[in-house]
Every structure is written in structure tokens, then in C-alpha cells.
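What you see is a predicted model, and the numbers here were worked out from it, not measured in a lab. By convention in this document, chain letters (A, B, ...) are assigned in the order of the sequence lines, proteins followed by strands, and residues within each chain are numbered from 1.
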Amino acid sequence: MKLNLFEDKNNTNEHVDLYFSNMRPQIKQIIDIVQSERISLSGRPADDDLDDGEEILIDPKEVYYLDYVDRKLFMYTGTGVYRIMKTLAECEELLWNYGFVRVSKSNLINIFRIKQLKPDLNMKVYAYFDNGERICVNRSYKKEFDQYLQKMRRMV
Amino acid sequence: MKKYFKNLALMIFVSYTVVSVSSAVINIILGGQTNNLNELMMFVICIIASVVLSLHGLFDSVSPLAMMVIQYLLACVLIAVMLFIVSCIDTITIQGWLDLYRSFTIPYVILAGVYYYSVFADTKKKDSIIKDLQKRAG
């Protein structure tokens with residue numbers, strides 16, 4: 001995408017004009033930034049020893065997947081595991097444009113962080129991540145997963 | 001629930017039509033013959049197969065391979081019940097039992113193989129879509 005920047009010290013009406021061919025996730029992300037609604041997930045380290053009581057802001061791009069365990073939601077990144085105070089459904093809606101798709105009752109995965117999608121010998125399909133972990137793509141969510149990939153394919 | 005029974009009925013009718021027409025064609029070519037009881041048994045087997053396969057939603061927590069084995073065993077039990085009932089009306093020899101199980105097992109194994117292959121092929125396709133998306137998103 002071509003980027004033109006114009007600096008004018010006297011400008012009192014700062015604005016951004018955006019020309020696009022179709023409204024795809026990348027464009028929506030730019031709109032979020034301009035409107036100061038850039039999504040960042042805030043969470044506290046899941047490990048109590050590392051938790052100093054402060055919330056850490058994490059870019060959705062850094063997140064591999066979200067896991068809902070024992071009524072708690074955790075996000076897994078390359079640097080650690082964080083607990084977030086949102087529901088999985090909220091995150092699913094919030095992170096749709098960022099490549100996150102529901103693959104089971106308790107998991108939301110970031111397709112841009114998948115290293116490989118591979119079936120096991122028992123025919124269960126797993127998404128493998130850079131950190132060596134894997135998440136099962138449940139058969140019940142196969143249709144939604146397929147539709148999501150097709151939509152993203154048309155939009156990205 | 002209504003949708004489930006609608007789909008189930010459709011599956012039964014389609015499978016029975018395919019099996020019945022295939023059987024008629026084979027009989028014409030090989031000069032074989034069938035009777036009313038065989039036709040009814042064919043229909044009941046189609047019902048059993050359709051009902052057992054439609055229960056796949058109950059096995060979401062287990063692997064597809066385990067699901068196929070469980071479904072096969074369940075179908076075998078139901079077929080045994082059917083044969084037991086039929087044996088009260090007509091005589092069925094041991095060879096008859098074996099023939100029926102063979103006739104049921106061969107297509108089941110072939111279709112399971114096709115499904116197995118389709119899972120691998122479909123996953124490979126999706127993996128390449130993901131790689132393509134990652135490349136395009138930079």
C-alpha cells in the first residue's frame with residue numbers, strides 16, 4: 001500500500017484520507033488506529049510469581065491463541081501466558097479483523113500465527129504454533145473455520 | 001429436531017435408491033436374482049447405516065478414527081439384531097450371516113478410506129490458504 005505523508009506546521013485541521021478498493025481487515029485496522037480505537041488486549045501474567053498487580057497491554061498480533069479454562073480466559077503469546085478479563089465471545093467479536101477464529105468451545109486461534117495445520121493419524125486436525133504448542137480444530141467448528149478462511153482470502 | 005429427521009429421511013431414501021439400482025444393474029449383468037425379503041433387508045440396512053452415521057454429533061469429543069470404529073461396531077450390533085429377527089421368519093445359514101457382514105464391511109471400509117483421505121487433502125488445502133494469507137498480510 002502506498003503511503004503519502006505531508007508535514008505542515010501551520011495545519012490546524014489534521015486529517016487522514018484513505019483510498020481503498022475494498023473494506024478488508026487491514027483497512028479496518030487503520031481506521032481503528034485513526035479513531036484511536038486500536039485494539040490492544042490487556043492482561044495480567046498467569047503466573048502468580050510474575051504478577052505485580054499491573055495489567056500489560058498486548059498487541060493482538062503477538063497472540064497465538066486464547067484458551068478458556070476453569071471459567072478463566074488466558075492468552076498465549078511468544079513471551080508468556082496472560083489472563084484477561086473478557087469473555088471468549090467478546091474476544092471473538094473484537095478480534096475478528098485480526099485473524100482470530102473460533103476452533104472449539106474454548107479456543108480462539110490467530111491464523112497469522114499458525115506454523116502448520118496438520119491432521120494426526122487419528123484424523124483430528126491440529127493447528128501448530130511457533131512456540132511448539134498445538135490446538136485442536138474441532139469438527140463442530142470446521143464449517144465456521146472454512147468460511148472464515150474463505151472470507152479472509154477474499155478480503156486480505 | 002425436525003430438520004434432523006428430514007435430513008435422515010433424505011439420507012435413507014437416497015442411499016436405498018443407490019443400493020437398489022446398483023443391485024438391479026449387477027443382477028442384470030451377472031444374471032442374479034433377488035427376492036422380497038432381500039429387498040426389505042437392504043432397506044433396513046440403509047436405515048441402520050443412515051441412523052448410525054447421523055449420530056456423528058455425539059462423538060465430537062473423540063477422534064474421527066475412534067468415531068468410525070464405534071459407529072461400525074454399533075451398526076454391526078444393529079445388523080445382528082435385524083438378522084436375529086429375520087431368522088425367526090426364515091432360515092439364515094452361518095454363511096448367510098458372514099456374507100451380509102462382508103457386504104456391509106467392504107463399502108464401509110472403502111468409504112472410511114475416502115473420508116480419511118479427504119481429511120488429509122482438505123487440511124493440506126487449508127494449510128496452503130493460511131500460508132497464502134500470511135504471505136499477503138506480510
Group every Ile, Leu, Val, Met, Phe, Trp and Tyr by side-chain heavy-atom contacts under 4.5 Å, then state whether [X] and [Y] land in the same group.
X	Y	value
B:Met41	B:Tyr101	yes
B:Ile47	B:Val77	no
B:Val69	B:Val52	yes
B:Ile94	B:Val81	no
A:Ile135	A:Val69	yes

[range]: residues contacting chain B (heavy atom under 4.5 Å, by number):
range	answer
residues 137-147 of chain A	A:Asn138, A:Arg139, A:Ser140, A:Lys142, A:Phe145, A:Asp146
residues 99-114 of chain A	A:Ile111, A:Phe112, A:Arg113, A:Ile114
residues 8-22 of chain A	none

Fill in: Student check: side-chain heavy atoms of A:Met123 and B:Met67 closer than 4.5 Å
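Counting from C-beta outward, A:Met123 and B:Met67 never come under 4.5 Å.
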Fill in: B:Leu65 side chain reached by A:Leu121 side chain, heavy atoms, under 4.5 Å
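No, their side chains stay 4.5 Å or more apart.
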Item to complete: Would you give the length of the straight line joining atom OG1 of B:Thr123 to atom CD of A:Gln116, rounded to the nearest 0.5 angstrom?
Response: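 Spacing of OG1 (B:Thr123) from CD (A:Gln116) equals 10.5 Å.
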Discussion item. Heavy-atom cut-off 4.5 Å, strictly under: side chain, backbone, both or neither for B:Lys124 against chain A?
Written reply: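 Contact with chain A: none, neither part.
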Discussion item. Can you tell me which portion of B:Leu133 sits under 4.5 Å from chain A's heavy atoms? Options are side chain, backbone, both or neither.
Written reply: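 Both parts, backbone and side chain.
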Would you find more than 12 non-hydrogen atoms of other residues, nucleotides or ligands less than 6.0 Å from [X] atom [atom1]?
X	atom1	value
A:Asp130	CG	yes
B:Lys131	NZ	yes
B:Phe84	CZ	no

Worksheet item: Taking B:Asp122, B:Val62, B:Ile129 one by one, which has the highest count of heavy-atom pairs under 4.5 Å against chain A?
Response: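 Top count of heavy-atom pairs under 4.5 Å with chain A: B:Ile129.
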Fill in: Contact summary for A:Pro119 and B:Val119, nearest pair of heavy atoms
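Scanning both residues, the minimum pair turns out to be CB-CG1, 4.2 Å.
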Item to complete: Could you list the residues that satisfy salt bridge (charged side-chain N to carboxylate O under 4.0 Å, His left out) with A:Lys124, not counting sequence neighbours?
Response: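 Applying salt bridge (charged side-chain N to carboxylate O under 4.0 Å, His left out) to A:Lys124 gives none.
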